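Below: the structure, in structure tokens.
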Amino acid sequence: MTLFEKKVLRQVLKIPLGEVRTYAQIARAIGHPRSYRAVANALRKNPYPFFVPCHRVVGCGKDMRGYALGRAMKRDLIKFEKKVRDMLK
DNA sequence: CAATAATAGTCCC
DNA sequence: GGGACTATTATTG
């Protein structure tokens with residue numbers, strides 16, 4: 001677990017419920033504007049996919065590129081969180 | 001729209 | 001250390 005990965009995980013944890021962020025945004029937020037690939041690499045080897053909500057991280061244009069537990073699962077999770085957010089609104 | 005180059009970090013040898 | 005890998009992105013035809 002490198003410092004870079006830690007920064008990525010922390011940043012991902014700060015994403016509000018139902019919100020999504022792009023890999024580029026994450027990379028920029030941790031001070032590595034051109035490391036979106038490394039971000040993806042870190043999330044890929046994510047030890048705890050449910051506690052570090054990598055399903056809130058999407059590609060550009062809010063497209064889902066990949067997910068350790070399957071894109072279908074990711075899509076459902078995002079949908080679910082959006083629903084929860086609307087419910088709490 | 002499809003193919004490709006660029007780029008930054010980590011992993012495996 | 002060098003080369004390959006990646007859940008990307010931007011560019012070119």
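Computed from a predicted model, the values in this text were never measured in an experiment. Each chain gets a letter, A, B and so on, in the order the sequences are listed, and its residues count up from 1.
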Please tabulate, for the side chains in residues 68-79 of chain A, all donor-acceptor contacts under 3.5 angstrom to protein atoms that are two or more places apart in sequence or on a different chain.
residue: A:K74; atom: NZ; partner: A:V57; partner atom: O; Å: 2.5
residue: A:K74; atom: NZ; partner: A:G66; partner atom: O; Å: 3.3

| message | Rounding to an integer number of Å, can you tell me how far A:R44 CZ sits from B:dA8 C1'? | response | 16 Å
| Nucleotide pairing, DNA chain C (Watson-Crick or G-U, distances under 3.5 Å), in dot-bracket with [ ] and | | ||||||.||||||
| field | Separation of A:Q11 CD from A:Q25 CD (nearest 0.5 Å) | value | 9.5 Å
Report, one line per pair, each donor and acceptor closer than 3.5 Å where one atom sits in a side chain of residues 58-65 of chain A; sequence neighbours left out.
none

| field | Salt bridge A:D86-A:K89, side-chain N to carboxylate O under 4.0 Å | value | yes
| request: Please answer whether the main-chain N or O of A:C54 pairs with a side-chain N or O of A:N46 as donor and acceptor at a distance below 3.5 Å. | output: no
| said: With rounding to the nearest 0.5 angstrom, report the CG to CZ distance, A:L43 to A:R56. | reply: 12.5 Å
| request: Using a cut-off of strictly less than 4.0 Å between a heavy atom of the residue and any atom of DNA chain C, enumerate the qualifying residues of residues 58-74 of chain A by number. | output: A:G59, A:C60, A:R65, A:G66, A:A68
| Residue A:K45, side-chain heavy atoms: nucleotide from B:dG9, C:dT9, B:dC11 that is nearest | B:dC11
| query | Hey, does A:R37 have a side-chain heavy atom less than 4.5 Å from the side chain of A:N41? | reply | no
| query | Between A:F50 and A:L13, is there a shared hydrophobic cluster once you connect ILVMFWY residues whose side-chain heavy atoms come closer than 4.5 Å? | reply | no
| query | Across the strands shown, which category fits A:Y23 at heavy-atom distances under 4.0 angstrom: base, sugar-phosphate, nothing? | reply | base
| Near DNA chain C, which residues from residues 6-14 of chain A have a heavy atom under 4.0 Å away? | none
| said: Within residues 31-42 of chain A, which residues have any heavy atom lying less than 4.0 Å from an atom of DNA chain C? | reply: A:Y36, A:R37, A:A40
| message | From CG of A:N46 over to P of B:dC11, roughly how many Å is that when rounded to an integer? | response | 13 Å
| note | Taken to the nearest 0.5 Å, the spacing of A:E81 CD from A:L17 CG works out to 5.0 Å
| request: Round to a whole Å and report the spacing from CD of A:E5 to P of C:dT6. | output: 16 Å
| task | Look at the aromatic rings of A:F4 and A:H32 and report parallel, tilted or perpendicular, splitting at 30° and 60°. | result | perpendicular
| note | What one should report as the nearest heavy-atom pair of A:A27 and A:S35 is CB-C, 3.9 Å
| task | Begin with the C-alpha distance, continue with both residues' side-chain angles, and end with the deciding distance and a verdict on side chain to side chain contact (heavy atoms under 4.5 Å, CB included) for A:I15 and A:I26. | result | CA-CA 10 Å; A:I15 303 177; A:I26 297 288; 4.2 Å; yes
| message | Restricting to non-hydrogen atoms, name the atom on A:E5 and the atom on A:A42 that form the minimum distance, rounded to 0.1 Å. | response | CG-CB, 3.6 Å
